Amino acid sequence: MIDTQRLRVFRAVVASGSVQSAASNLGYTSSAVSQQISALQRETGLVLFRKEGRGITPTPAAHALVAQSDDLMGQLTRLESVVTDLREGRQGHLVLGCFASAGSEWMPTLARRLREEMPEITLEVLLTEDLKVRPPLDLDVVIEYEGPAERENAIRIPLPDDPYVVVLPNGHRLAELDAVPVKELATETLIRNDRIDGPCHLIVVDACKAAGFTPRFPIQAQDHWTSLAFVEAGVGLAVLPELASRRKTPGAVVRPLVDPQPIRHMAALRKDAATPDPAAQRAADLLLEIVGAPTAAAA
């Protein structure tokens, strides 16, 4: 079994670039760090560093070990937070997952209201849309692309639909319309603001195909904040869920999309624990109030 403390020291050496820098960052001696690295190499049977000039360089095996241990070290950090909360008598520890636009629009209000009601709670918010393996979460806000989200030991809570809009530079010809037909985008320069295999991008592609064309995205911004800035600069148009278009953009206008209307379906998944978790339930109820959906009690 791999010693997790040795793993931490090893990761610090890779991140710092040298044994001496890692020792300084960790508050150890260089000798202690070297001993930990040597022990980990014996423990794993791997060569993790090679000498290069006066220093060392990580081997391919070292880079692979760092990548494969990221999730483990994150979970250990969360476990340590839970232990600290229990030892110090705090009310609880909540881990919430979400995608970027939910994180910027909903989570600040949710965090404030939770902290007002439960001042001792420790709240951790993770952006999970790009994670292939989700860590254990008390509440996870997800995008549903291929039907209702399902997860073992989780209760699905529907959230309001999020229709798509097109964000246009001021003075654009389509800004004169109250709503923009999707077919009008066929000849426009579009800005991609999500992964090419992500649900938000695929929803846009599906709508364009339904309108009779395959969209081209010559500009790739990777996130909605950057794409909005590109629109203001006159680079192109951005097709976004309404939730992601709420940032003030004085140099742009927002119009609904129609014929067809692309829609992002969303839900929250609450952990169905054997022992009731009042904090997780309250977080779910507050989220529903913030997004304007009926609470579980009212439903």
Side-chain angles (χ1 to χ4, degrees), residues 96-111 125-131 139-146 149 157-170 172 174-175 177-182 184-185 188-208 211 215-258 260-269 287-293:
L96 310 180
C98 63
F99 45 89
S101 53
S104 61
E105 293 297 324
W106 296 338
M107 290 302 159
T109 302
L110 178 59
V125 180
L126 305 177
L127 289 178
T128 55
E129 58 190 316
D130 290 331
L131 297 182
L139 187 69
D140 192 11
V141 182
V142 300
I143 299 165
E144 299 182 316
Y145 176 62
E146 297 178 331
I157 304 168
L159 297 177
D161 287 341
D162 191 15
Y164 276 66
V165 299
V166 58
V167 186
L168 312 154
N170 287 343
H172 191 278
L174 296 176
L177 303 177
D178 293 330
V180 175
V182 172
E184 293 290 341
L185 305 180
E188 296 292 337
T189 299
L190 302 180
I191 302 167
R192 178 163 66 82
N193 49 75
D194 196 14
R195 300 190 332 263
I196 195 167
D197 61 343
C200 292
H201 179 73
L202 293 175
I203 291 169
V204 175
V205 172
D206 289 346
C208 292
R216 290 181 59 256
F217 296 89
I219 311 298
Q220 300 178 17
Q222 299 298 314
D223 65 73
H224 61 275
W225 295 285
T226 306
S227 67
L228 289 171
F230 280 8
V231 172
E232 286 194 287
V235 174
L237 314 185
V239 180
L240 299 169
E242 189 277 331
L243 184 66
S245 70
R246 295 181 182 178
R247 195 196 78 173
K248 291 183 178 179
T249 50
V253 295
V254 179
R255 295 290 183 267
L257 280 171
V258 293
Q261 181 186 51
I263 292 177
R264 180 170 70 171
H265 304 291
M266 303 176 292
L269 301 176
L287 176 64
L288 291 175
E289 291 180 19
I290 292 165
V291 304

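All values reported here derive from a predicted model rather than from experimental measurement. Hydrogens, waters and symmetry mates are skipped; everything else that's a heavy atom, side chains included, is used.
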Atom [atom1] in [X], atom [atom2] in [Y]: separation rounded to 0.5 Å?
X	Y	atom1	atom2	result
Tyr164	Ser245	OH	OG	11.5 Å
Leu228	Arg246	CG	CZ	13.0 Å
Ile143	Asp194	CD1	CG	7.0 Å
Leu257	Glu184	CG	CD	11.0 Å
Leu269	Glu144	CG	CD	7.5 Å
Ile196	Gln222	CD1	CD	9.5 Å

What are the two closest heavy atoms between [X] and [Y], and how far apart are they?
X	Y	result
Pro262	Pro260	CD-O, 3.2 Å
Pro218	Thr189	CG-CG2, 3.7 Å
Leu288	Pro158	CD2-O, 3.9 Å
His265	Asp161	ND1-OD1, 2.8 Å
His224	Ala100	CE1-CB, 3.9 Å
Pro256	Val165	CA-CG1, 4.2 Å

Using modelled atom types only, decide if a donor and an acceptor are shared between the side chain of [X] and the backbone of [Y] within a distance under 3.5 Å.
X	Y	answer
Asn193	Thr226	no
Arg195	Glu129	yes
Glu232	Gly251	yes
Tyr145	Gly198	no
Asp162	Pro241	no
Arg192	His201	no
Glu242	Pro163	no

Answer whether the closest heavy-atom distance between the side chains of [X] and [Y] falls below 4.5 Å.
X	Y	value
Arg264	Cys200	yes
Met266	Ser101	no
Leu110	Leu96	yes
Glu188	Leu168	no
Leu237	Pro169	yes
Leu185	Val166	yes

Which of Thr128, Leu243, Asp140 passes side-chain contact (heavy atoms from CB on, under 4.5 Å) with Phe99? It is Leu243
Residue Arg247 excluded, over 12 heavy atoms near CZ under 6.0 Å
yes
Surrounding CG of Asp178 (heavy atoms of other residues, nucleotides or ligands, distance under 6.0 Å), is the total greater than 12?
no
